[in-house]
Undergrad: 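First the structure, then my questions, so here it is.
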Amino acid sequence: MVAKAPPSAGVSTPRASRPLLSSLPAVDRLLRDPALAGLKEARGHSVVKQAIQDVLATARAGFESGSPIPDADSLRAAIGAKVEAQTAPRIRSVINLTGTVIHTNLGRALMADEAVESVVAAMRSYCALEYDLAGGDRGDRDTIVEELLVDLTGAEAATVVNNNAAAVVLTLAALAGRKEAVISHGELIEIGGAFRMPDIMKAAGCRLVAIGTTNRTHPRDYENAIGPKTGIVVKAHWSNYAISGFTNVVDEAAIAEIAHRQGVPFMVDLGAGALIDLTRFGLPCEPLPRDSLNSGVDVVTFSGDKLLGGPQAGIIVGGKDVIARIKKHPLKRAMRCSKVTLAALEATLRIYGSDHRLAERLPVLALLTRSPEDIRAACGRVLPAVARFVGDSFTVRISDCASQIGSGSLPVDRLPSSAVVVEPCSTKGSGKAIASITERLRGLPTPVLGRVSQGALWLDLRCLRSPEEAQLVAELEAGR
Ligand SMILES: *Cc1c(COP(=O)(O)O)cnc(C)c1O
């Protein structure tokens, strides 16, 4: 490519004596540069070549707007930086100071060490995923977790798919495809990320029959709606909203009784799906799959990566016959879990099975049960580094706050916590000041994410575990 001459500069200007564009090395010469050999060896010829082309294009454009031609060392440094930027993982670790423990945008549950180790082993080697080692025959991958799920929920049988949305679609399609699905108006929920119950039902091939009203549904609403065209009765956990005041919901046992009188199966989408009574740990009460099954519900679906604290998965538990119908449906194959998911899920379920030191071994439970005193003490340790990082135009203090569990679990309940609060000294331009601080925190080597509220930045330290605490302080000190 021939570059244009710089815009007509007089012969007497200093520009006339600048080195010529032709002094910029060619792509091939840089590719043969011994100083870049190590980079080529590590990252590959094509990645380095692309970086060279990009860096030379930038240098040419710079020359045209009057900048000098970079020397060989600066070119090499720029090429190295370009390669690093291009090959850096897009799935980056972040420090979650939003106070939301199960944050969908930040990957939901942190997993137990046992789950991490099991996943690594399953990824590194062949494993008996669908292989019955006792008989030497082909096996079923569901058996890896089915027994554990049966023990933990009291169900007769269980199966797993990629997420709870898939579990709901599959259950509806298998039990009520081309038939009517009866659900209360008040449960036509939308969960974040485009999970909307009416759309899910349509996608599963069911005809939605909404009964009752937004705030009140009665047993007679179910009785009147169920008929020969009904394929399933559905109940969905509200998850991320609450209704209060003049309300009525029909309890699961009563709905089960009405549905079974007509020979229709009854499913419950529990959403978060705690496996144990969380009140044991001083947490708000969350319904258990076991309780639904005991009330006569035929199938219960829930997520693996919400309160359960495992990998993204959709767990389906219920009676032998309904689970067999679900497993046989062609969509089951399209939604099946990988060995990576199954390895993580099995290890997580085994922790529950042992019922031993759960709040230490399950990170989600550890974070949810962290004491306010412990979090406040962490705020005290982190505050000086935050104050130095943000500088004199902000005040920094510690304040009580309330953490969220997240992902639609226990929506109204908040956990008492503490935050380092960063506030601009001057109210003038405070919005911009906050935006610039949040941007600087996001720009740290390990990006830090807080919550902006009431004209201040709140760094809730509930989810800051001790190795990350030291890292955060070090990065704040280095970044100021
Ligand atoms: C979260 C949730 C879902 C979706 O589950 P995913 O695992 O995110 O697919 C469906 N229903 C309810 C009630 C939920 O809370």
Undergrad: If only atom types and distance count, is the side chain of Thr213 paired as donor or acceptor with the main-chain N or O of Arg216 below 3.5 Å?
TA: yes

Undergrad: Could you check whether any side-chain N or O of Arg76 sits under 3.5 Å from a backbone N or O of Ala35, counting only pairs where one atom can act as donor and the other as acceptor?
TA: no

Undergrad: Using the side-chain contact (heavy atoms from CB on, under 4.5 Å) rule, pick out the option among Ile144, Asp142, Val160 that qualifies with Cys337.
TA: Val160

Undergrad: Which heavy atom of Ala344 sits nearest a heavy atom of Val119, and at what distance?
TA: CB-CG2, 3.5 Å

Undergrad: Between Arg414 (side chain) and Gln404 (backbone), is there a donor-acceptor pair under 3.5 Å?
TA: no

Undergrad: Using a 4.5 Å cut-off on heavy atoms from C-beta on, say whether the side chain of Thr341 contacts that of Gln312.
TA: no

Undergrad: Could you tell me if Asp54 and Gln86 have a donor-acceptor pair between their side chains, going purely by distance under 3.5 Å?
TA: yes

Undergrad: Run the numbers on Met197 and Ile183 for side chain to side chain contact (heavy atoms under 4.5 Å, CB included), then give the verdict.
TA: CA-CA 10 Å; Met197 196 49 103; Ile183 186 169; 3.8 Å; yes

Undergrad: Between Thr100 (side chain) and Ile102 (backbone), is there a donor-acceptor pair under 3.5 Å?
TA: no

Undergrad: Do Arg361 and Ser354 pair up side chain to side chain, a donor and an acceptor below 3.5 Å, judged on atom types alone?
TA: yes

Undergrad: Any salt bridge linking Lys40 with Asp33? Criterion: basic side-chain nitrogen under 4.0 Å from a carboxylate oxygen.
TA: no

Undergrad: Are the side chains of Leu308 and Thr348 in contact, using a 4.5 Å heavy-atom criterion?
TA: yes

Undergrad: Of the non-hydrogen atoms in Ala122 and Ala343, which two are nearest, and what is the gap between them?
TA: CB-CB, 3.8 Å

Undergrad: Below 3.5 Å, can you tabulate the donor-acceptor pairs from side chains in residues 320-335 to any protein atom, sequence neighbours excluded?
TA:
{"residue": "Lys327", "atom": "NZ", "partner": "Glu146", "partner atom": "OE1", "Å": "3.1"}
{"residue": "His329", "atom": "ND1", "partner": "Leu331", "partner atom": "N", "Å": "3.0"}

Undergrad: Looking only at heavy atoms, which two atoms of Ala115 and Ala347 are closest? And how far apart?
TA: CA-CB, 3.5 Å

Undergrad: Nearest 0.5 angstrom please: Thr171 OG1 to Ile200 CD1, how far?
TA: 11.5 Å

Undergrad: Compare every heavy atom of Arg370 with every heavy atom of Cys463, then report the nearest pair and how far apart it is.
TA: N-NH1, 4.5 Å

Undergrad: Is any side-chain heavy atom of Asp137 closer than 4.5 Å to a side-chain heavy atom of Tyr131?
TA: no

Undergrad: Regarding Thr301 and Asn164, do their side chains bring together a donor and an acceptor under 3.5 Å, going by distance alone?
TA: yes

Undergrad: Below 4.5 Å, heavy atoms only, C-beta onward: do Leu275 and Thr153 meet side chain to side chain?
TA: yes

Undergrad: Just wondering, more than 12 heavy atoms not from Glu147 lying within 6.0 Å of its CD?
TA: no

Undergrad: Between Glu469 and Arg465, is the closest basic N to carboxylate O distance under 4.0 Å?
TA: no

Undergrad: Enumerate the residue pairs fulfilling salt bridge (charged side-chain N to carboxylate O under 4.0 Å, His left out) with a member in residues 149-161, sequence neighbours excluded, ordered by first and then second residue.
TA: none

Undergrad: Checking the side chain of Trp458 only, and the main-chain atoms of Ser453 only, is there a donor and an acceptor separated by less than 3.5 Å?
TA: yes

Undergrad: For Leu110 and Leu367, what are the C-alpha separation, side-chain angles and deciding distance, and is it a side chain to side chain contact (heavy atoms under 4.5 Å, CB included)?
TA: CA-CA 10 Å; Leu110 299 186; Leu367 295 176; 4.1 Å; yes

Undergrad: Keeping the roles fixed (side chain from Thr143, backbone from Asp140), state whether a donor-acceptor pair exists under 3.5 Å.
TA: yes

Undergrad: Indicate every side-chain donor-acceptor pair of residues 249-260 with a distance under 3.5 Å to a residue at least two apart or in another chain.
TA:
{"residue": "Asp251", "atom": "OD1", "partner": "Ala253", "partner atom": "N", "Å": "3.3"}
{"residue": "Asp251", "atom": "OD1", "partner": "Ala254", "partner atom": "N", "Å": "2.9"}
{"residue": "Glu252", "atom": "OE1", "partner": "Ser292", "partner atom": "OG", "Å": "3.0"}
{"residue": "Glu252", "atom": "OE2", "partner": "Ser292", "partner atom": "OG", "Å": "3.4"}
{"residue": "Glu257", "atom": "OE1", "partner": "Arg261", "partner atom": "NH2", "Å": "3.0"}
{"residue": "Glu257", "atom": "OE2", "partner": "Arg261", "partner atom": "NE", "Å": "3.4"}
{"residue": "His260", "atom": "ND1", "partner": "Ala256", "partner atom": "O", "Å": "3.3"}
{"residue": "His260", "atom": "NE2", "partner": "Asp298", "partner atom": "OD1", "Å": "3.2"}
{"residue": "His260", "atom": "NE2", "partner": "Asp298", "partner atom": "OD2", "Å": "2.7"}

Undergrad: Any donor and acceptor pair, going by atom type alone, linking the side chain of Arg43 with main-chain N or O of Gly80 inside 3.5 Å?
TA: no

Undergrad: Quick one, Leu36 and Leu31 - any side-chain contact, counting heavy atoms below 4.5 Å?
TA: no

Undergrad: Would you check if the side chain of Asp221 reaches a backbone N or O of Thr217 as a donor-acceptor pair within less than 3.5 Å?
TA: no

Undergrad: Might you work through the side chain to side chain contact (heavy atoms under 4.5 Å, CB included) test for Thr87 and Val47, ending with a clear yes or no?
TA: CA-CA 8 Å; Thr87 53; Val47 170; 3.9 Å; yes

Undergrad: Is the side chain of Lys229 donor-acceptor paired with the backbone N or O of Glu180 at a distance under 3.5 Å, no angle test?
TA: no

Undergrad: Working to the nearest 0.5 angstrom, can you tell me the gap between Leu278 CG and Leu365 CG?
TA: 7.0 Å

Undergrad: Mind running salt bridge (Lys or Arg N to Asp or Glu O under 4.0 Å) on Arg280 and Asp355 for me, showing each step along the way?
TA: CA-CA 12 Å; Arg280 254 171 69 188; Asp355 201 23; 3.0 Å; yes

Undergrad: Which pair of non-hydrogen atoms, one from Leu293 and one from Val297, has the smallest distance, and what is that distance?
TA: CD2-O, 3.5 Å

Undergrad: Give a yes or no answer on whether the side chain of Ser125 reaches the backbone of Ala121 with a donor-acceptor pair at less than 3.5 Å.
TA: yes

Undergrad: Among pairs that include at least one residue of residues 438-448, which meet salt bridge (charged side-chain N to carboxylate O under 4.0 Å, His left out), considering only residues two or more places apart or in two chains?
TA: none

Undergrad: Just by distance, no angles: are the side chains of Thr98 and Arg451 close enough, under 3.5 Å, to form a donor-acceptor pair?
TA: no

Undergrad: Salt bridge (charged side-chain N to carboxylate O under 4.0 Å, His left out) with Arg178: which residues, sequence neighbours excluded?
TA: none

Undergrad: Using a distance-only test with no angle check, is there a side-chain donor-acceptor pair under 3.5 angstrom linking Ser403 and Arg462?
TA: yes

Undergrad: Arg141 and Arg336: side chain to side chain contact (heavy atoms under 4.5 Å, CB included), yes or no, with the steps?
TA: CA-CA 9 Å; Arg141 65 178 68 201; Arg336 79 177 180 193; 3.2 Å; yes

Undergrad: Are side-chain N/O atoms of Glu475 and Thr446 paired as donor and acceptor at under 3.5 Å?
TA: yes

Undergrad: Should Leu358 and Phe281 count as side-chain neighbours, where that means a heavy-atom distance under 4.5 Å?
TA: yes

Undergrad: Suppose we screen for side-chain hydrogen bond (donor to acceptor under 3.5 Å, both in side chains). Which residues come up paired with Arg124, at least two apart in sequence or across chains?
TA: none

Undergrad: Can Arg350 and Glu114 be said to form a salt bridge (Lys or Arg N to Asp or Glu O under 4.0 Å), step by step?
TA: CA-CA 9 Å; Arg350 284 204 188 284; Glu114 286 98 321; over 6 Å; no

Undergrad: Hey, is Glu360 close enough to Arg357 for a salt bridge, meaning N to O under 4.0 Å?
TA: yes

Undergrad: Given Arg376 and Asp400, is the salt bridge (Lys or Arg N to Asp or Glu O under 4.0 Å) satisfied, shown in steps?
TA: CA-CA 8 Å; Arg376 185 167 264 271; Asp400 289 342; 2.9 Å; yes

Undergrad: I need the minimum non-hydrogen distance between Pro372 and Ser418, along with the two atoms involved.
TA: O-OG, 4.2 Å

Undergrad: May I ask you to test the Leu444-Phe389 pair for a side-chain heavy-atom distance under 4.5 Å?
TA: yes

Undergrad: Report yes if the side chains of Val209 and Thr230 come closer than 4.5 Å at any heavy-atom pair, otherwise no.
TA: no

